[in-house]
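Everything on this sheet refers to the single structure shown next.
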Amino acid sequence: MSDRPILLWFRRDLRLADHPMLHEAVRSGRPLIPVAILDPVAEGWGAAARWRWGEGLRVFGAALAARGARLVLRRGLAAEVLAQLAGETGAEAVWWSRAYDPAARARDVAVKAALRGAGMAARSFPGHLLFEPEAVATGQGTGYKLFSAYWRAASRLDPGRPLPAPGALSVPASWPASEDLAAWRLGAALRAGEDVLRHHSAPGEAAAQARLSGFLDTRSARYAERRDFPAEDATSGLSEYLTYGEVSPRTIWSETARAGGNAKFLSELGWREFAYHLLHHAPGLAQDNWNRDWDRFPWRGDNADAEAWRRGMTGEPFVDAALREMYVTGRMHNRARMVAASYLTKHLRTDWRVGLDWFADCLTDWDPAANAMGWQWVAGSGPDAAPYFRVFNPVTQAEKFDPDGAYRRRWIAEGRADPHPDARAYFQAAPRAWALDPQAAYPVRRVAPAEGRQRALDAYERWKTLKMLP
DNA sequence: GAAGCGTTGTC
DNA sequence: ACAACGCTT
């Protein structure tokens with residue numbers, strides 16, 4: 001048994017509780033050196049995601065400090081940084097929690113090979129998901145394509161019980177040097193600026209736990225009934241905590257069961273699992289049509305309508321409210337995401353990847369699997385039997401899910417003598433180059449809802465004949 | 001191979 | 001009602 005230190009490489013697992021790697025590391029009794037690395041994979045994330053990760057690192061570093069440890073920050077290629085740190089500290093092992101998106105996986109495979117080639121031990125642990133993507137399979141041994149069948153099968157498995165958070169951590173005799181988090185300037189690419197997003201963000205494990213308890217105590221009972229109304233605070237709001245691992249899905253699963261269960265809510269957790277299941281079986285999910293027939297669909301590439309969509313200036317109030325909400329808060333209500341995405345891909349007939357890219361840059365809860373699945377589901381290219389005539393009508397959706405207009409009023413300033421503070425905040429946060437003016441008239445619709453629907457259906461009919469051709 | 005089913009809609 | 005097919009057991 002070695003008593004040399006273990007490097008614990010933290011990525012999207014910024015928590016102490018129910019952390020399989022950390023739990024095992026503490027049990028080993030060896031000195032532990034927590035590390036976070038700003039590497040090309042992290043630098044490839046969108047602006048809001050990079051910033052939010054930094055917020056998570058700051059809070060997690062403080063949590064480690066409270067237990068007598070530290071979070072060592074280094075910048076560079078992960079394999080080189082880890083080898084360098086091993087040399088500095090005498091560590092002979094590097095552990096981490098498994099990641100599942102292709103960019104991170106490719107990196108991790110290479111890092112593992114490099115470390116082992118250098119005579120070090122490299123181990124990865126579960127923890128980001130309830131079920132490993134390959135643990136759920138059909139009778140034929142293949143991946144699932146329908147959520148309901150997937151979730152039926154997955155629900156028969158036991159995710160196990162959450163692990164306790166460790167007490168004191170064993171630390172090395174001396175700590176390697178750490179870079180300064182502020183010097184990483186993780187918020188530098190934010191268009192709206194850090195102060196705007198910080199106003200809507202409460203990072204960290206304690207905040208995640210508080211949000212989870214608050215949800216189970218108050219919102220859970222009416223979740224199924226109210227979750228679709230974007231003006232209400234009726235959703236769990238846990239997505240960004242899951243993204244950075246500030247709470248584990250297993251903790252959510254088990255706490256929900258302890259609170260009396262909530263099948264609808266747990267099935268939403270199931271969708272996150274399903275997204276990673278799909279990504280595992282189709283690593284190109286974020287780039288390529290899941291159904292390759294759609295490669296011949298006559299999408300428009302990026303275009304002026306799409307730019308108006310990004311700016312929340314389409315003239316369709318529910319859609320604009322959604323885009324503005326995301327710009328200011330880094331989040332967007334689930335119902336609004338579907339309507340906004342449907343509008344871009346159907347009414348504006350724009351390639352789903354244009355929307356995916358914008359979401360990737362703006363969302364603090366950005367999840368590589370869930371977003372790829374969601375965009376393809378809306379666009380029609382994803383694993384779903386949604387009939388082509390299922391095109392969201394943005395007006396009908398607003399009447400149904402924002403009946404008193406509270407959501408639209410919160411985000412649309414134009415035409416109001418006394419706009420909501422959030423609606424005003426959007427104009428302050430928007431880039432000067434967009435030349436937005438809250439006093440100006442609200443934009444005229446670029447396309448009427450019925451006409452946009454017809455355009456989408458026409459394109460679909462053309463494509464159906466196109467895809468028959470060799 | 002038959003049978004049953006499929007997140008979120010629209011008019 | 002629409003219009004309809006792939007998925008899974």
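Residue numbers start from 1 in every chain, and the chains themselves are labelled A, B, ... in the order their sequence lines are given, proteins ahead of strands.
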Review point. For A:Tyr460 and C:dA4, is the shortest distance between a side-chain N/O and OP1 or OP2 below 4.0 Å?
Key: no
Practice item. Using whole Å, report how far OH of A:Tyr223 lies from P of B:dT7. Key: 16 Å
Check your understanding: Between C:dT8, C:dA4, B:dT7, which nucleotide has the shortest distance from any of its atoms to the side chain of A:Lys464?
Key -> C:dA4
Check your understanding: Where the side chain of A:Lys264 is concerned, which of B:dG9, B:dT7, C:dT8 is the nearest nucleotide?
Key -> B:dT7
Practice item. Sticking with atom P, work out how far C:dC2 lies from B:dT7, rounded to a whole angstrom. Key: 23 Å
Exercise for review: Name the closest nucleotide to the A:Met338 side chain, picking from B:dT8, B:dT7, C:dT9.
Suggested key: B:dT8
Review point. Are A:Ser148 and C:dT8 close enough that a side-chain N or O sits under 4.0 Å from OP1 or OP2?
Key: no
Check your understanding: Are A:Trp45 and A:Trp53 close enough, and set up right, to give a ring pair (Phe, Tyr, Trp, His ring centres under 6.0 Å), and what steps lead you there?
Key -> CA-CA 10 Å; A:Trp45 295 340; A:Trp53 185 57; 5.3 Å; yes
Practice item. Measure from the side-chain N and O atoms of A:Asp361 to the backbone N and O of A:Ala47, and report whether any donor-acceptor pair falls under 3.5 Å. Key: yes
Review point. A:Arg453 near the nucleic acid: base, sugar-phosphate alone, or nothing, with a heavy-atom cut-off under 4.0 Å?
Key: sugar-phosphate
Study note, to complete from the structure: Contacts satisfying salt bridge (charged side-chain N to carboxylate O under 4.0 Å, His left out) that involve residues 122-131 of chain A (not counting sequence neighbours) are none
Point to revise | Under 3.5 Å donor-acceptor, A:Arg219 side chain and A:Asp233 backbone | key: yes
**Study point:** Donor-acceptor contact below 3.5 Å, side chain A:Glu316 vs main chain A:Arg445
**Key:** no
Point to revise | Options C:dT8, B:dT10, B:dT7, nucleotide nearest the side-chain atoms of A:Tyr144 | key: C:dT8
Review point. What nucleotide among B:dG9, C:dT8, B:dT7 has an atom nearest to a side-chain atom of A:Ala149?
Key: C:dT8
**Study point:** Protein-nucleotide distance (A:Gln454, atom CD; B:dC11, atom C1'), rounded to Å
**Key:** 12 Å
Practice item. May I have all residue pairs that pass salt bridge (charged side-chain N to carboxylate O under 4.0 Å, His left out) and include part of residues 127-147 of chain A, sequence neighbours excluded? Key: A:Arg98-A:Glu132
Practice item. Between C:dT9, B:dG9, B:dC11, spot the one nearest the side chain of A:Lys400, thanks. Key: B:dG9
Exercise for review: Represent DNA chain C in dot-bracket notation, 5' to 3'. Only Watson-Crick or G-U wobble pairs with both distances under 3.5 Å count; pseudoknot-style crossings use [ ] and interstrand partners use |.
Suggested key: ||..|||||
**Study point:** A:Arg390 side chain near B:dT8 phosphate (N/O to OP1/OP2, under 4.0 Å)
**Key:** yes
Check your understanding: What nucleotide among B:dG9, B:dT7, C:dT8 has an atom nearest to a side-chain atom of A:Phe392?
Key -> B:dG9
**Study point:** For atom CE of A:Met332 and atom C1' of B:dT8, their distance in whole Å
**Key:** 16 Å
Review point. Between A:Met373 (CE) and B:dT8 (P), how many Å, whole number?
Key: 13 Å
Check your understanding: Between the side chain of A:His333 and the main-chain N/O of A:Ala322, is any donor-acceptor distance below 3.5 Å?
Key -> no
Point to revise | Rounded distance (Å) that lies between atom C1' of C:dA3 and atom CD of A:Glu461 | key: 10 Å
Exercise for review: For A:Glu451 and B:dC11, give me the distance from atom CD to atom P, rounded to whole Å.
Suggested key: 14 Å
**Study point:** Spacing between A:Trp271 atom CH2 and B:dG6 atom P, to the nearest angstrom
**Key:** 12 Å
Check your understanding: Expressed in whole Å, how much space separates the P atoms belonging to B:dT10 and C:dC5?
Key -> 23 Å
Check your understanding: What interatomic distance, in whole Å, is found between P of B:dC5 and the corresponding atom of C:dA3?
Key -> 23 Å
Exercise for review: Using modelled atom types only, decide if a donor and an acceptor are shared between the side chain of A:Thr364 and the backbone of A:Gly330 within a distance under 3.5 Å.
Suggested key: yes
Check your understanding: Closest to the A:Asn393 side chain: C:dC7, B:dG6, B:dC11?
Key -> B:dC11
Exercise for review: Measure the distance from CG on A:Asp402 to C1' on B:dT8 and round it to the nearest whole Å.
Suggested key: 17 Å
Exercise for review: Check whether any side-chain nitrogen or oxygen of A:Gln397 sits under 4.0 Å from OP1 or OP2 of B:dT10, and answer yes or no.
Suggested key: yes
Check your understanding: Would you say the side-chain atoms of A:Arg15 pair up with the backbone N or O of A:Ala17, donor to acceptor, closer than 3.5 Å?
Key -> yes
